[in-house]
Participant: 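My questions will all concern the structure given below.
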Amino acid sequence: MDILSSINDGILTLEFNRPERKNAITAEMYQLMADALNDAEGNADVRAILIVGKPEIFTAGNDLEDFMKNAPSSGAIEDRSVYKYMMALSGSTKPIVAAVSGNAVGIGTTLLMHCDLVYAADNAKFSMPFVQLGLCPEFGSSLLLTQIAGYPRAAEKLMLGEAFGAQEALEMGLVSKVLPVDELRAFAEGQAAKLVALPASSIRVTKELMKAARKATVSEAIAAENIHFGKMLSSPEAREAFMAFFQKRKPDFKQFS
Ligand SMILES: C/C=C/C(=O)SCCNC(=O)CCNC(=O)[C@H](O)C(C)(C)COP(=O)(O)OP(=O)(O)OC[C@H]1O[C@@H](n2cnc3c(N)ncnc32)[C@H](O)[C@@H]1OP(=O)(O)O
């Protein structure tokens with residue numbers, strides 16, 4: 001299974017488990033995670049959610065082969081499993097803890113902005129290389145990163161797409177603590193266990209109140225981003241970037257005006 005899903009002591013743990021492809025996320029993996037999150041919504045026994053990868057890799061983001069095969073030239077974005085997953089994540093009423101070690105690329109970083117408690121290992125590396133792929137930010141990152149980090153820093157991360165480390169992620173407020181990689185998972189599990197022991201109704205209301213102010217603007221940003229993202233996935237620039245990645249060469253964007 002490319003996603004390991006388990007419920008123990010009130011915690012739903014979702015673990016990326018495709019290390020041979022750097023935990024790159026396929027449509028099937030998004031669907032599995034969307035289903036688990038939606039099931040958790042109706043399951044009172046789940047009182048916290050934990051998202052983890054492997055010590056050496058969180059996720060390389062969307063599977064680029066999937067991007068090439070399934071560019072959404074037709075069909076509604078709402079029907080795509082990535083959309084279902086991100087809506088389930090951003091709309092979850094349960095507290096979500098994320099623990100990042102290794103690379104968190106693209107949607108791997110975006111998804112953190114929809115979680116509640118976010119922790120990084122000292123080997124974590126974050127990147128949103130949307131522009132480098134001929135794409136644009138997705139699922140609220142154009143708005144949320146600006147709110148979290150301020151415009152200049154968000155512009156640097158989103159326009160240049162370069163990777164940055166755990167310490168910088170801490171300074172900008174993307175994560176709230178950095179730990180040694182071999183301590184990260186146990187720490188995150190401990191934080192999730194604390195949430196489980198607290199009154200679920202208080203956690204629920206606190207989360208709702210904290211997210212209320214940004215709810216409408218995040219939805220608007222996601223809708224606007226999706227319009228561009230969907231079209232850009234089939235653009236010649238994106239094709240060139242995907243081909244270049246698999247051919248292990250630098251993309252040549254100068255051929256496009
Ligand atoms: C809506 C969502 C949007 C997004 O998420 S956009 C972001 C899309 N993701 C990316 O552009 C990241 C692409 N991957 C990488 O940049 C690198 O990987 C890493 C920095 C994550 C790791 O680098 P290294 O440790 O050198 O590993 P390696 O040799 O590049 O990868 C090992 C194998 O994994 C495959 N792989 C890695 N990432 C992806 C991916 N995203 N989609 C499909 N396959 C991937 C490779 O091709 C290779 O395979 P082989 O061993 O056969 O050469």
Side-chain angles (χ1 to χ4, degrees), residues 2-3 16-31 33-34 51 53-72 75-90 98 100-114 120-121 123-145 157-166 181 221-235 237-251 253:
D2 292 339
I3 296 291
F16 295 114
N17 186 42
R18 199 186 176 216
E20 70 285 2
R21 303 299 280 179
K22 300 285 168 183
N23 287 346
I25 313 171
T26 59
E28 190 188 5
M29 290 161 74
Y30 286 124
Q31 190 63 54
M33 294 189 288
I51 299 177
K54 302 293 179 194
E56 65 288 356
I57 178 79
F58 186 63
T59 170
N62 204 99
D63 187 288
L64 293 175
E65 228 174 294
D66 253 27
F67 265 167
M68 287 201 291
K69 278 192 286 192
N70 305 317
I77 175 78
E78 292 79 8
D79 295 334
R80 295 175 72 82
S81 55
V82 61
Y83 183 86
K84 290 179 189 162
Y85 167 61
M86 289 305 287
M87 291 306 102
L89 188 74
S90 66
V100 182
S101 42
N103 276 287
V105 187
I107 200 161
T109 292
T110 299
L111 73 85
L112 305 173
M113 300 176 211
H114 296 278
N123 72 341
K125 263 189 170 176
F126 304 82
S127 58
M128 288 157 284
F130 307 118
V131 170
Q132 289 168 328
L133 291 168
L135 302 170
C136 68
E138 32 66 298
F139 294 109
S141 56
S142 60
L143 174 75
L144 292 170
L145 191 65
K157 301 309 170 205
L158 287 171
M159 289 185 184
L160 297 180
E162 291 165 353
F164 53 96
V181 63
I222 292 175
E225 289 163 345
N226 276 339
I227 292 171
H228 293 287
F229 196 91
K231 285 188 202 141
M232 291 172 112
L233 265 185
S234 347
S235 68
E237 289 88 342
R239 298 257 130 195
E240 165 61 10
F242 302 156
M243 296 291 289
F245 176 73
F246 288 115
Q247 291 166 2
K248 301 186 192 292
R249 61 171 172 84
K250 279 195 167 73
F253 294 125

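Just so you know, ligand 1 is whichever comes first in the structure, and atom 1 is the first atom listed for that ligand. Values below: every heavy atom of this structure, side chains too, minus hydrogens, waters and symmetry copies.
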Participant: A quick test of your reading: do over 12 heavy atoms of other residues, nucleotides or ligands sit less than 6.0 Å from CD of Glu56?
Facilitator: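 Yes, enclosed.
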Participant: Within 4.0 Å of atom 52 (O) of ligand 1 (strictly less), any protein heavy atom?
Facilitator: yes
Participant: How are the rings of Tyr85 and Tyr30 set to each other: parallel, tilted or perpendicular (split at 30° and 60°)?
Facilitator: tilted
Participant: Mind telling me whether Phe242 and Phe67 have parallel, tilted or perpendicular rings, with 30° and 60° as the class edges?
Facilitator: parallel
Participant: How far is atom 41 (N) of ligand 1 from its nearest protein heavy atom, and which residue and atom name does that atom have?
Facilitator: Asn62 O, 3.1 Å
Participant: So how far is it from Phe58 CZ to Phe126 CZ, rounded to the nearest 0.5 Å?
Facilitator: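 So the gap between those two atoms works out to 8.5 Å.
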Participant: Heavy atom under 4.0 Å from ligand 1: found in Ala24's side chain, backbone, both, or neither?
Facilitator: side chain
Participant: Under 4.0 Å from a heavy atom of Asp63: give me the atoms of ligand 1 that qualify, with their elements.
Facilitator: 42 (N), 43 (C)
Participant: Distance from Ile77 atom CD1 to Asp79 atom CG, nearest 0.5 Å?
Facilitator: 9.0 Å
Participant: Consider every N or O of Lys22 and every N or O of ligand 1, then say whether any pair is closer than 3.5 Å.
Facilitator: yes
Participant: Identify all side-chain donor-acceptor contacts of residues 103-112 below 3.5 Å with residues at least two apart in sequence or on another chain.
Facilitator:
| from | atom 1 | to | atom 2 | distance (Å) |
| --- | --- | --- | --- | --- |
| Thr109 | OG1 | Ala104 | O | 2.7 |
| Thr110 | OG1 | Gly106 | O | 3.4 |
| Thr110 | OG1 | Glu138 | OE1 | 2.7 |

Participant: Polar contacts were defined as any N/O atom of the residue lying under 3.5 Å from an N/O atom of the ligand; does this apply to Tyr30 and ligand 1?
Facilitator: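 In fact, backbone or side chain, Tyr30 has no N or O that close.
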Participant: Please confirm whether the backbone N or O of Glu78 pairs with a side-chain atom of Asn226, one donor and one acceptor, at under 3.5 Å?
Facilitator: no
Participant: Should you measure from each heavy atom of Glu20, which atoms of ligand 1 turn up under 4.0 Å away?
Facilitator: 33 (C), 34 (O)
Participant: Is the closest N or O pair between Ile107 and ligand 1 shorter than 3.5 Å?
Facilitator: yes
Participant: Do other residues, nucleotides or ligands put more than 12 heavy atoms under 6.0 Å from the NZ atom of Lys125?
Facilitator: no
Participant: Hey, looking at atom 17 (C) of ligand 1, which of Phe245, Phe139, Phe246, Tyr83 has the closest heavy atom?
Facilitator: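 It is Phe245 whose heavy atom sits nearest to atom 17 (C) of ligand 1.
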Participant: If you measure from each non-hydrogen atom of Arg21 to ligand 1, which part falls under 4.0 Å: side chain, backbone, both or neither?
Facilitator: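 It is both parts that get close, each with some atom under 4.0 Å.
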Participant: Note the single closest protein heavy atom to atom 19 (C) of ligand 1, along with its residue, its atom name and the distance in Å.
Facilitator: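 Residue, atom and distance for the closest contact: Asn103 ND2, 4.5 Å.
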Participant: Are any of the protein's heavy atoms under 4.0 angstrom from atom 26 (O) of ligand 1, yes or no?
Facilitator: no
Participant: What is the distance from atom CG of Asn17 to atom CE of Met29, rounded to the nearest 0.5 Å?
Facilitator: 8.0 Å
Participant: Could you grab the distance from atom CE of Met87 to atom CD1 of Ile222, nearest 0.5 Å is fine?
Facilitator: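 Those atoms lie 4.0 Å apart.
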Participant: Which heavy atom in Ser101 sits nearest to a heavy atom in Lys54, and how many Å separate them?
Facilitator: OG-O, 2.9 Å
Participant: For Glu138, counting its heavy atoms only, list the atoms of ligand 1 lying under 4.0 Å from any of them.
Facilitator: 1 (C), 2 (C), 3 (C)
Participant: For ligand 1, is Lys125 a contact, meaning one of its heavy atoms is under 4.0 Å away?
Facilitator: no
Participant: Could you tell me whether Leu133 approaches ligand 1 through its side chain, its backbone, both or neither, with non-hydrogen atoms closer than 4.0 Å?
Facilitator: side chain
Participant: Short list, please: which atoms of ligand 1 are under 4.0 Å from a heavy atom of Gly61?
Facilitator: 5 (O)
Participant: Say whether Ala60, considering both its backbone and side-chain N or O atoms, lies within less than 3.5 Å of an N or O atom on ligand 1.
Facilitator: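 Yes; the residue has a nitrogen or oxygen that sits under 3.5 Å from a nitrogen or oxygen of the ligand.
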Participant: Got a second to check how far Met68's CE is from Phe246's CZ, nearest 0.5 Å?
Facilitator: 5.0 Å
Participant: List ligand 1 atoms under 4.0 Å from Phe67, heavy atoms only on the residue side.
Facilitator: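 The list of qualifying atoms is 1 (C), 2 (C), 3 (C).
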Participant: Is atom 29 (O) of ligand 1 less than 4.0 angstrom from some protein heavy atom?
Facilitator: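 It does not; no protein heavy atom is within 4.0 Å.
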Participant: Tell me if a side-chain donor or acceptor on Glu237 pairs with a main-chain N or O of Leu135 at a distance below 3.5 Å.
Facilitator: no
Participant: Can you confirm whether some protein heavy atom lies under 4.0 Å from atom 11 (O) of ligand 1, or whether none does?
Facilitator: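 Protein heavy atom within 4.0 Å of atom 11 (O) of ligand 1: present.
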Participant: For Lys248, which part has a heavy atom under 4.0 Å from ligand 1: side chain, backbone, both, or neither?
Facilitator: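 The answer is the side chain of Lys248.
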Participant: Before accepting this row, confirm whether a basic side-chain N of the pair Arg21/Asp2 lies closer than 4.0 Å to the acidic partner's carboxylate O.
Facilitator: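 Salt bridge flag = no for Asp2 with Arg21.
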Participant: Is ligand 1 less than 4.0 angstrom away from at least one heavy atom of Gln132?
Facilitator: no
Participant: Is the closest N or O pair between Leu64 and ligand 1 shorter than 3.5 Å?
Facilitator: yes
